[in-house]
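The block underneath contains the structure these notes are about, expressed in structure tokens.
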Amino acid sequence: MKHRDEFCQARRGEIQLPHGRVQTPVFMPVGTQGTVKALSHQMVEDIGFEIILGNTYHLYLRPGTEVIADFGGLHEFSTWNRNILTDSGGFQVFSLSPFRKITDEGVQFRSHIDGSKHMLTPESVVEIQRVLGSDIQMVLDVCTEHGIDKKSAHKALTTTTRWAKRAKDAWQQSLGDYRGAAFGIVQGNFFEDLRAQSAQELSELDFPGYAIGGLSVGEPPEVFEHFLHYTAPLLPTGKPKYVMGIGTPDYILSAVEAGIDMFDCVFPTRVARNGYFFSRDGRINIKNERYRRDTQPIDLDSPISMYSRAYLRHLFKAGEMLGPMLATRHNLWFLHTFMTEIRTAIEENRFLEYKNTFLERYGRGMG
Ligand SMILES: CCCSCc1cc(N)cc2c(=O)[nH]c(N)nc12
């Protein structure tokens with residue numbers, strides 16, 4: 001179902017995956033090491049999430065693919081029985097590994113844990129994600145930073161396309177008992193012609209779904225907005241569209257308007273561990289003195305509404321583990337509720353009204 005306004009591409013959808021259906025647009029919490037930090041999987045399921053993220057790089061290094069294989073995959077190992085999307089590992093190599101080298105074959109790197117040498121290739125990453133049992137696996141790509149030169153961006157794009165072809169073949173050969181989807185990742189940095197080239201080359205490979213990579217890598221908000229809205233319509237319309245690494249209400253609303261179906265980000269859970277609570281009036285830094293004797297909850301509808309802001313502030317000031325646990329539960333509830341409201345607004349053809357009303361209050365807030 002698509003929103004009527006001529007420029008608005010917001011759409012409702014449903015993705016059928018091996019571990020059940022996923023309603024879209026959807027925000028996907030990140031569970032890097034087989035857990036959404038500070039919450040049990042049961043708590044994440046109780047909030048209502050149908051899919052979470054895992055991370056090939058981290059799980060490959062620790063506990064190791066063979067350990068997870070012993071259990072039959074990440075679902076059985078972690079007891080999460082809904083869908084899992086796993087990132088391919090390339091992005092994490094560039095953001096975590098103290099040494100890495102890109103070759104035609106793949107990416108060589110040293111573990112950030114013990115310095116041991118490793119190599120990820122398009123084929124090995126497909127195999128690792130098959131063993132994990134990923135319901136959606138991301139192919140190995142080369143994500144580049146904001147500000148690099150066009151020649152470097154083009155080299156990364158062409159490597160990404162070559163690797164995507166190899167990954168598609170390996171993924172098709174992996175199918176059997178394993179029924180997970182593989183998504184291509186569009187790169188091209190912040191050059192329109194390179195974005196168009198990457199989208200065209202990957203579209204020809206006919207993946208089940210597509211991600212826009214290389215955004216939310218430190219670029220200014222207006223640059224993010226431009227390249228999100230430039231790239232989104234270049235992706236195949238009839239397949240899921242995923243923007244990697246966004247998880248704030250303003251960015252999500254903009255991406256939904258551009259026709260994006262899926263989002264992920266560590267931001268909501270990471271800031272929760274530092275005492276930042278999402279609210280309809282903006283983000284609340286609970287450590288602020290103004291909440292020291294505040295008897296009100298963060299939000300009357302929140303699953304943590306039985307706790308006052310004063311008590312939550314105390315937990316963070318005292319370094320109590322319960323603080324991050326409650327803040328994470330609240331922020332994920334907030335985002336899940338937010339996405340449910342977005343889906344309903346699209347169904348009722350009032351998404352733009354919802355977006356403007358939400359941002360007017362959220363941006364005006366104290367948070
Ligand atoms: C578990 C984390 C998933 S999203 C990580 C991520 C985040 C951002 N911002 C960009 C990219 C990208 O371009 N490629 C890949 N594989 N991943 C990216």
Side-chain angles (χ1 to χ4, degrees), residues 9-11 24-30 32 53 55 57 85-96 136 138-150 152-161 163-164 183-203 207 209-237 239-268 270-271 335 339 342 355 359:
Q9 298 298 309
R11 65 189 191 173
T24 64
V26 60
F27 173 79
M28 304 178 287
V30 176
T32 300
L53 263 66
N55 209 298
Y57 169 83
L85 181 152
T86 49
D87 197 10
S88 48
F91 181 81
Q92 291 74 32
V93 166
F94 295 112
S95 48
L96 288 171
I136 297 177
M138 306 308 294
V139 300
L140 188 63
D141 62 325
V142 181
C143 177
T144 50
E145 298 166 357
H146 180 245
I148 66 165
D149 63 275
K150 189 170 185 177
S152 302
H154 186 261
K155 185 174 189 326
L157 176 166
T158 55
T159 301
T160 295
T161 299
W163 286 358
F183 280 19
I185 306 177
V186 171
Q187 292 293 346
N189 199 260
F190 298 93
F191 302 97
E192 289 185 357
D193 57 337
L194 298 189
R195 282 280 168 186
Q197 179 184 342
S198 181
Q200 177 60 35
E201 292 175 351
L202 292 179
S203 297
F207 281 103
Y210 289 86
I212 301 177
L215 295 184
S216 199
V217 292
E219 71 277 13
E222 63 275 11
V223 174
F224 166 81
E225 289 280 346
H226 174 78
F227 280 91
L228 165 68
H229 288 265
Y230 179 82
T231 309
L234 301 178
L235 303 185
T237 301
K239 297 181 175 180
K241 299 182 181 183
Y242 165 26
V243 174
M244 306 184 89
I246 69 169
T248 53
D250 49 338
Y251 272 16
I252 287 174
L253 287 166
S254 183
V256 169
E257 186 173 357
I260 301 299
D261 307 299
M262 304 163 70
F263 322 88
D264 86 273
C265 195
V266 294
F267 186 79
R270 181 174 292 168
V271 299
L335 277 174
M339 298 312 300
I342 285 174
K355 173 192 170 198
L359 288 178

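Hydrogens, waters and symmetry mates play no part in the numbers below; they use all other heavy atoms, side chains included.
The structure places OH of Tyr210 at 14.5 Å from OG1 of Thr231, a figure rounded to the nearest 0.5 Å. For the atom pair CG (Leu53) and CG (Leu85), the distance works out to 4.5 Å, reported to the nearest 0.5 Å. The distance from atom CZ of Phe224 to atom OG of Ser216, rounded to the nearest 0.5 Å, is 6.5 Å. Ile246 contributes atom CD1, which lies 5.5 Å from atom CZ of Phe263 (distance to the nearest 0.5 angstrom). For the atom pair CG of Leu194 and CZ of Phe227, the computed distance is 9.0 Å after rounding to the nearest 0.5 Å. Here the straight-line distance linking atom CD of Glu257 with atom CD1 of Ile342 works out to 11.0 Å at 0.5 Å rounding.
Between the Glu219 side chain and the Val217 main chain, a donor and an acceptor come within less than 3.5 Å of each other. Checked by atom type and distance alone, the side chain of Ser254 never pairs as donor or acceptor with a backbone atom of Asp250 at under 3.5 Å. Side-chain N or O atoms of Arg195 include one that pairs as donor or acceptor with a backbone N or O of Asn189 at under 3.5 Å. Between the Thr160 side chain and the Val142 main chain, a donor and an acceptor come within less than 3.5 Å of each other. The backbone N or O of Gln187 lies less than 3.5 Å from no partner atom in the side chain of Asp141, so there is not a single donor-acceptor pair. Listed for the Ser95 side chain is a donor-acceptor partner under 3.5 Å among the backbone atoms of Phe91. A donor-acceptor distance shorter than 3.5 angstrom exists from the side chain of Lys241 to the backbone of Ala232, with no hydrogens or angles considered. When atom types are taken as modelled, the side chain of Ser88 and the backbone of Val139 share a donor-acceptor pair closer than 3.5 angstrom.
Between Phe191 and Ile148, the shortest heavy-atom contact is CZ-O, 3.7 Å. The heavy-atom pair separating Leu96 from Tyr57 by the smallest distance is CD1-CE2, 3.6 Å. Counting all heavy atoms, side chain and backbone alike, Cys265 lies closest to Pro268 at O-CD, 3.5 Å. The two residues Ala258 and Leu228 have their closest heavy-atom pair at CB-CG, 4.3 Å. Looking at every heavy atom in both residues, Gly214 comes nearest to Cys143 through CA-SG, 3.8 Å. Residues Leu335 and Gly247 come closest through the heavy atom pair CD1-O, 4.0 Å.
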#### Entry: Worked verdict on Met244 versus Ile212 for side-chain contact (heavy atoms from CB on, under 4.5 Å)
CA-CA 6 Å; Met244 306 184 89; Ile212 301 177; over 6 Å; no

### side-chain contact (heavy atoms from CB on, under 4.5 Å) between Leu157 and Val186, worked out
CA-CA 8 Å; Leu157 176 166; Val186 171; over 6 Å; no

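Between Tyr242 and Asp264, the side chains place a donor N or O and an acceptor N or O closer than 3.5 Å (distance only, hydrogens not considered). Inspection of the Glu192 and His226 side chains reveals an N or O donor paired with an N or O acceptor under 3.5 Å.
Pro221 is listed as a side-chain neighbour of Tyr251, based on a closest heavy-atom distance under 4.5 Å. Contact annotation: the side chain of Met339 never approaches that of Val26 to less than 4.5 Å [non-hydrogen atoms, C-beta and beyond]. Residues Phe27 and Ile252 form a side-chain contact, since some pair of their non-hydrogen atoms from C-beta on lies under 4.5 Å apart. Side-chain contact between Ile185 and Met138: present, with at least one pair of heavy atoms (C-beta onward) separated by less than 4.5 Å. Side chains of Pro25 and Met262 form no contact here, defined as non-hydrogen atoms less than 4.5 Å apart.
No close placement of the Phe207 and Phe183 rings is indicated, their centers lying 6.0 Å or farther apart.
The environment of CD in Glu225 is crowded: more than 12 heavy-atom neighbours from other residues, nucleotides or ligands sit within 6.0 Å.
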